[in-house]
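Model, not experiment: these values are computed from the prediction.
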Amino acid sequence: MLFLAILGLAWAWEALVMHPVAGDALWVARKQAMYLTGIGSMGLMSLVMVLATRPVWLESWLGGMDRVFQLHKWAGILAIGLGVAHWLVKISKGMLIGVFGAIANKPASLPLLEVLQSSKGLAKDVGEWVIYAMILTLLITLWKAFPYKSWRLVHRVMPILYLALVFHAVVLMPAAWWATPLGVLMGLLMVAGSLAAVPALRRRIGRRQCHAGVVESVTRLAAGVTEVRCVMGADWPGHKAGQFAFVQFDPSEGFHPFTIASADQGAQRRLTFLIKGLGDYTTGLAQRVHTGQAVQVQGPYGRFNHARGGRRQIWVAGGIGITPFIAWLEALQNAPERAPQAHLHYCVRNASQDPFVPRLRELCARLPQVRLQIHDAQAGQRLDADALRGRSSVGDGARPEIWFCGPAGLAKHLENGLRALGKGRVRMHREAFDMR
């Protein structure tokens with residue numbers, strides 16, 4: 001919203017103060033609507049391209065790389081929406097003439113860059129073609145049933161589409177506009193986006209954070225979970241409990257995000273990934289990955305770290321969302337004095353068959369500050385806001401601070417329930433792994 005506000009204010013200063021356009025009010029409004037939607041779409045697409053490079057320096061601002069990807073996703077959706085609005089305003093000319101008649105006082109058109117005059121027709125066509133392609137890409141992205149592997153290949157064309165949009169904007173914007181504050185701002189954004197498109201086209205994104213390793217063991221656990229242990233090379237920088245990484249077992253499949261489900265092993269450089277079979281790739285992972293296989297790990301990323309919170313906390317995990325909490329508990333075994341007063345709620349479908357319950361009980365038994373409570377759905381033990389509102393959970397009447405990793409529906413249910421109980425706005429730290 002801040003980014004859009006900056007673009008909007010820059011447009012308003014240009015359109016209403018510095019260089020207001022004269023002419024019939026309807027057609028002036030149409031022209032400014034074209035500028036505003038085009039500026040918003042192009043600015044957001046530039047932001048999308050920069051965010052796609054996984055800028056580590058933004059993690060501290062946004063709260064983790066998962067939040068960077070979440071912003072990337074929604075900025076892209078809004079950019080395409082504004083692009084469609086820009087195109088609809090553009091093609092509305094004929095309809096408006098049919099309804100309101102010929103233009104009595106047409107707003108003056110400013111000259112374009114002279115060197116690009118001959119490319120005007122091509123730039124218009126390119127803009128229309130790109131809109132069609134982006135609409136198709138958006139539909140594929142939102143269609144969750146579309147295979148991830150195929151979606152990843154389709155997504156690779158986005159840098160090309162972006163560069164085509166840069167060409168469209170540079171050719172069709174008036175020459176004098178580029179000397180205005182708004183023109184300079186948009187020029188800088190398009191330069192940044194174009195530079196970001198280069199490593200994307202070369203498939204170099206994340207290379208600086210990429211580390212080679214070897215699969216040490218593969219174990220099929222209950223509930224469709226596969227445990228993969230890896231030994232990393234000497235360049236592995238270590239990680240903080242709660243972080244995640246992008247892991248590639250198969251170059252043809254690409255990288256997938258998984259939480260590192262183990263504490264940092266120091267010189268041993270061992271990583272554990274607990275992977276639930278939730279899609280076409282992860283479901284058959286145990287059959288495709290084998291001991292001794294090479295693995296590429298990009299990261300670590302993320303700011304899901306209980307040390308950022310207060311001394312009294314609630315930890316809530318649903319299903320495979322228990323993985324960062326296992327890493328936390330392991331990391332605290334050698335320094336129990338660093339553990340906060342925490343109440344860990346673990347929601348499972350069947351506690352007797354869950355592979356993590358025994359491990360959690362073992363780890364929590366050594367940490368008296370951490371209280372473990374298992375919510376077994378098969379036994380009718382479902383977690384709700386009532387279970388979080390007591391003194392033992394949220395502290396002495398204080399506003400609860402919750403660390404959550406699990407299904408989005410459960411998080412929303414708890415947030416709404418706590419508000420309804422008069423707890424006010426709940427501070428919930430959440431992992432945002434819905435990156436597509």
Side-chain angles (χ1 to χ4, degrees), residues 48 51-54 65-66 68-70 72-73 76 136-160 197 199-221 223-233 235-236 239 243-262 270-302 319-321 323-324 431-436:
V48 165
L51 295 177
T53 63
R54 301 177 192 168
M65 190 58 68
D66 56 325
V68 173
F69 270 81
Q70 191 176 50
H72 167 87
K73 169 186 172 180
L136 178 61
T137 302
L138 176 60
L139 293 176
I140 291 174
T141 299
L142 296 177
W143 181 26
K144 298 297 184 180
F146 195 82
Y148 176 85
K149 182 177 179 179
S150 301
W151 169 82
R152 188 173 61 90
L153 295 174
V154 171
H155 206 63
R156 285 183 188 169
V157 307
M158 290 304 293
I160 299 174
L201 289 172
R202 297 180 61 200
R203 300 176 63 182
R204 302 289 297 177
I205 291 177
R207 291 292 180 178
R208 292 184 179 180
Q209 286 77 40
C210 196
H211 310 278
V214 176
V215 175
E216 184 179 45
S217 66
V218 181
T219 306
R220 296 184 65 178
L221 305 179
V225 177
T226 301
E227 179 189 74
V228 181
R229 294 182 183 271
C230 304
V231 178
M232 302 305 297
D235 64 339
W236 175 250
H239 71 280
Q243 289 190 300
F244 72 95
F246 291 91
V247 184
Q248 177 181 273
F249 297 108
D250 181 359
S252 66
E253 180 65 31
F255 288 87
H256 291 255
F258 299 118
T259 297
I260 303 173
S262 57
R270 283 187 170 87
L271 303 180
T272 299
F273 298 100
L274 298 170
I275 303 169
K276 175 78 171 180
L278 298 174
D280 57 321
Y281 173 70
T282 53
T283 298
L285 191 67
Q287 289 75 36
R288 288 192 289 267
V289 179
H290 55 82
T291 301
Q293 180 176 332
V295 62
Q296 295 286 325
V297 179
Q298 289 184 5
Y301 299 111
I320 198 62
T323 49
E431 288 276 67
F433 271 132
D434 189 13
M435 299 181 184
R436 174 179 167 183

Q | Between CD1 on residue Ile205 and CD on residue Gln298, distance to nearest 0.5 Å | A | 9.0 Å
Q | Partner residues of Leu139 under the side-chain contact (heavy atoms from CB on, under 4.5 Å) criterion, sequence neighbours left out | A | Ile135
Q: Please name all residues satisfying side-chain contact (heavy atoms from CB on, under 4.5 Å) with Val154, sequence neighbours left out, ordered by chain then number.
A: Thr137, Ile140
(Q) Contact between Phe273 and Ile260 at the side-chain level, heavy atoms closer than 4.5 Å - yes or no? (A) yes
Q.
Applying salt bridge (Lys or Arg N to Asp or Glu O under 4.0 Å), can you list everything that pairs with Glu253, at least two apart in sequence or on another chain?
A. none
Q.
Donor-acceptor pair, distance only, cut-off 3.5 Å: does the side chain of Glu227 make one with the backbone of Leu221?
A. no
Q | Full working for side chain to side chain contact (heavy atoms under 4.5 Å, CB included) between Trp236 and Leu271 | A | CA-CA 10 Å; Trp236 175 250; Leu271 303 180; 3.8 Å; yes
**Q.** Spatial distance of atom CZ (Phe249) from atom CG (Leu285) [nearest 0.5 Å]
**A.** 5.5 Å
Q: Can you see which heavy atom on Val289 is nearest to which on Val215, and at what distance?
A: CG1-CG2, 3.9 Å
Q | Results of side-chain contact (heavy atoms from CB on, under 4.5 Å) for Val48 - residues two or more places apart only | A | His72, Ala75
Q | Verdict with supporting geometry, Val247 and Phe255, side chain to side chain contact (heavy atoms under 4.5 Å, CB included) | A | CA-CA 5 Å; Val247 184; Phe255 288 87; 5.6 Å; no
Q: For residues Cys210 and Gln296, report the shortest heavy-atom separation together with the two atoms involved.
A: SG-OE1, 3.1 Å
**Q.** Pairs involving residues 200-213, ordered by first then second residue, that meet side chain to side chain donor-acceptor pair (under 3.5 Å) (sequence neighbours left out)
**A.** His211-Asp235
Q) Mind checking whether Tyr301 and Phe69 have ring centres under 6.0 Å apart? A) no
Q | Non-neighbouring partners of His256 that pass ring pair (Phe, Tyr, Trp, His ring centres under 6.0 Å), sequence neighbours left out | A | Tyr148, Tyr281
Q) Looking at residues at least two apart in the chain, or sitting in another chain, which of them share a side chain to side chain donor-acceptor pair (under 3.5 Å) with Thr272? A) Arg229
Q.
Once side-chain contact (heavy atoms from CB on, under 4.5 Å) is applied, do any residues pair with Leu138, and if so which ones, sequence neighbours excluded?
A. Ile77, Ile80, Leu142
Q | Exercise: identify the closest heavy-atom pair between Phe258 and Ile275 | A | CE2-CG2, 3.6 Å
Q.
Could you measure the distance from the OG1 atom of Thr323 to the NZ atom of Lys276? Nearest 0.5 Å is fine.
A. 12.5 Å
Q | Atom of Pro199, atom of Thr53 and distance for their closest heavy-atom approach | A | CG-CG2, 4.4 Å
**Q.** Distance-minimising heavy-atom pair for Arg220 and Ala286
**A.** CG-CB, 3.4 Å
(Q) Run the salt bridge (Lys or Arg N to Asp or Glu O under 4.0 Å) test against Arg54 and tell me which residues pass, sequence neighbours left out. (A) none
